[in-house]
Protein chains: 2
Amino acid sequence: MDRAQRSGMGRPRGFDADEALERALQVFWRQGYEGATLTDLTNAMGITRTSMYAAYGNKEALFRKALERYTEGPASYMARALEKPTARAVAEYLLNGAVQATTRPDCPAGCLGVQGALATGEPGQAAHDALVTWRRSGEDAICERFARARDEGDLPADSDPARLARYIATLAYGISVQAATGVPREGLRQIIDTALQTWPKSRPEPS
Amino acid sequence: MDRAQRSGMGRPRGFDADEALERALQVFWRQGYEGATLTDLTNAMGITRTSMYAAYGNKEALFRKALERYTEGPASYMARALEKPTARAVAEYLLNGAVQATTRPDCPAGCLGVQGALATGEPGQAAHDALVTWRRSGEDAICERFARARDEGDLPADSDPARLARYIATLAYGISVQAATGVPREGLRQIIDTALQTWPKSRPEPS
DNA sequence: AAATTTCAGTACCTATCGGTACCGAAACGA
DNA sequence: TCGTTTCGGTACCGATAGGTACTGAAATTT
């Protein structure tokens with residue numbers, strides 16, 4: 001099913017499967033899993049329903065493949081961030097990457113991993129669960145990176161990697177919501193600056 | 001239409017409109033606008049489609065009324081936060097309120113204002129826009145409160161209220177995503193603690 | 001060239017979507 | 001009690017959801 005494998009081989013696929021998947025990704029990104037209809041998807045992909053089902057399985061499988069592509073494409077800043085030398089650099093690169101990815105002029109605002117299926121009815125449950133897993137695994141990766149940083153002395157010995165990772169991930173999610181709300185790139189960058197600074201020193205006693 | 005107003009008066013409503021709206025709110029909260037079908041809604045509300053349309057108009061109007069109820073109910077911590085004496089207290093109360101509201105045992109995890117319609121297809125556009133407006137107006141209210149704090153000397157004269165407000169709102173949105181991901185209340189509270197502290201002091205030169 | 005295989009596309013499937021016409025019954029003012 | 005009004009409920013509306021059978025053409029191997 002997946003590919004022409006048997007003897008005769010037959011006619012090869014007449015469209016670029018990667019390009020079509022990219023189009024599907026854009027639709028899921030913009031409209032969410034439930035909001036993206038088969039008609040929306042196949043129109044954007046430039047193929048018929050039949051070809052879509054033959055090539056990807058069904059809507060849910062298409063979503064999963066789109067999510068994979070998203071991880072390796074627009075969200076690849078995540079993997080790169082983890083390779084930065086210090087925890088602080090990891091956090092900065094990650095948050096800046098989130099700002100970039102959620103405000104690309106040629107892509108929908110926001111993050112597929114957040115807005116793809118945050119709250120769904122029964123038919124979208126599988127997509128919802130897939131994104132929960134996606135977010136958790138991302139946060140776990142940050143946590144492990146921070147744990148390493150602590151072991152290396154890059155972070156204080158008494159710091160809590162899981163807590164820091166959750167904090168950074170929370171900021172990234174919040175940034176993606178703000179992007180979906182329409183906040184421009186510069187406004188999001190200010191959030192990072194504020195987050196990585198202290199709360200402004202207030203006068204001790206205002207009254 | 002809206003209420004029995006004309007001469008004869010006629011038979012009064014046989015169900016509690018507030019209670020029914022509360023049930024609808026729960027469904028929208030859990031499943032989002034597009035994921036909540038009329039059948040889901042009316043089943044939860046305990047009334048028929050006919051009664052729903054007569055009492056509320058249509059699905060979109062029901063959603064708007066549910067959002068109002070949400071603002072005055074589960075999200076009322078927002079208004080209370082703005083009355084706190086200092087900007088710092090406003091921020092703390094707001095974030096703690098977000099944690100509470102997004103992790104109530106008897107309600108769906110997360111925030112309706114975020115997950116109700118973050119990414120939708122064409123039929124959910126109106127709900128999407130309503131939530132964008134909702135989030136913006138909330139953030140504006142925080143901004144104005146912070147501006148007042150600055151004028152009062154509660155915040156430094158050179159601080160940027162809009163920037164601080166956006167930062168706090170971003171954290172609240174991120175917290176709601178984390179809640180929807182399944183992070184328990186205690187985990188969310190740690191995020192607040194981390195956010196309101198400085199980034200942990202790292203050793204100046206790790207290498 | 002023949003035989004095979006999978007292509008892309010039309011047409012259609014059942015189920016369900018949001019929304020409505022119509023119904024008898026119940027509750028009001030007079 | 002009567003007339004009026006709106007109630008709650010069934011049945012149904014056209015449109016569309018996700019998914020599939022079937023068709024004829026095109027590309028591959030032998």
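Small disclaimer: the values here were computed from a predicted structure and weren't measured. In what follows, chains carry the letters A, B, and so on, assigned in the order in which the sequence lines appear, proteins first and then strands, with residues in each chain numbered from 1.
Between A/T39 and D/dA17 there is a side-chain polar atom (N or O) within less than 4.0 angstrom of OP1 or OP2. The shortest distance between the side-chain N/O atoms of B/S51 and the OP1/OP2 oxygens of D/dG8 is below 4.0 Å.
Between A/L41 atom CG and D/dA17 atom C1' there is a gap of 12 Å when expressed in whole angstrom units. Atom CG in A/N58 sits about 9 Å away from atom C1' in D/dG18, given to the nearest Å. If you take CD of B/Q31 and P of C/dT16, they are 15 Å apart, rounded to a whole angstrom. Taking atom OH on B/Y56 and atom C1' on D/dG8, their separation rounds to 14 Å, with Å as the unit. Computed from coordinates, the A/M52 CE to C/dC7 C1' distance equals 16 Å when rounded to whole Å. We find that CD of B/E122 is positioned 10 Å from P of D/dA17, with the value rounded to whole Å. Computed from coordinates, the A/F63 CZ to D/dG19 P distance equals 14 Å when rounded to whole Å. The separation between B/R13 atom CZ and C/dA25 atom P is 23 Å, rounded to whole Å.
Looking at B/K59, its side chain does come within 3.5 Å of a backbone N or O of B/A36 through a donor-acceptor pair. For A/R185 (side chain) and A/Q100 (main-chain N/O), a donor-acceptor pair under 3.5 Å exists by modelled atom type.
Within the 4.0 angstrom heavy-atom criterion, only backbone atoms of the sugar-phosphate kind lie near A/T37; the bases stay farther away.
Distance from the side chain of A/R49 is smallest to D/dT20 among D/dT20, C/dA8, C/dG18. Listed candidates were C/dC7, D/dG9, D/dG18. Nearest to the side chain of A/A54 is C/dC7. Looking at the side chain of A/F15, the nearest of the listed nucleotides C/dA8, D/dA17, C/dG19 is C/dA8. Checking C/dG19, D/dG9, C/dA8 against the side-chain heavy atoms of B/T50 singles out D/dG9 as nearest.
At a cut-off of 3.5 Å, with distance as the only test, no side-chain donor of B/E186 or B/Q190 sits close to an acceptor on the other residue.
Among residues two or more places apart in sequence or in another chain, the ring-ring contact (aromatic ring centres under 6.0 Å, His included) test is passed with A/F63 by A/F28, A/Y33.
Relative to the six-membered ring of B/F15, B/R13 meets both conditions, a distance below 6.0 Å and an angle of at most 45° to the axis.
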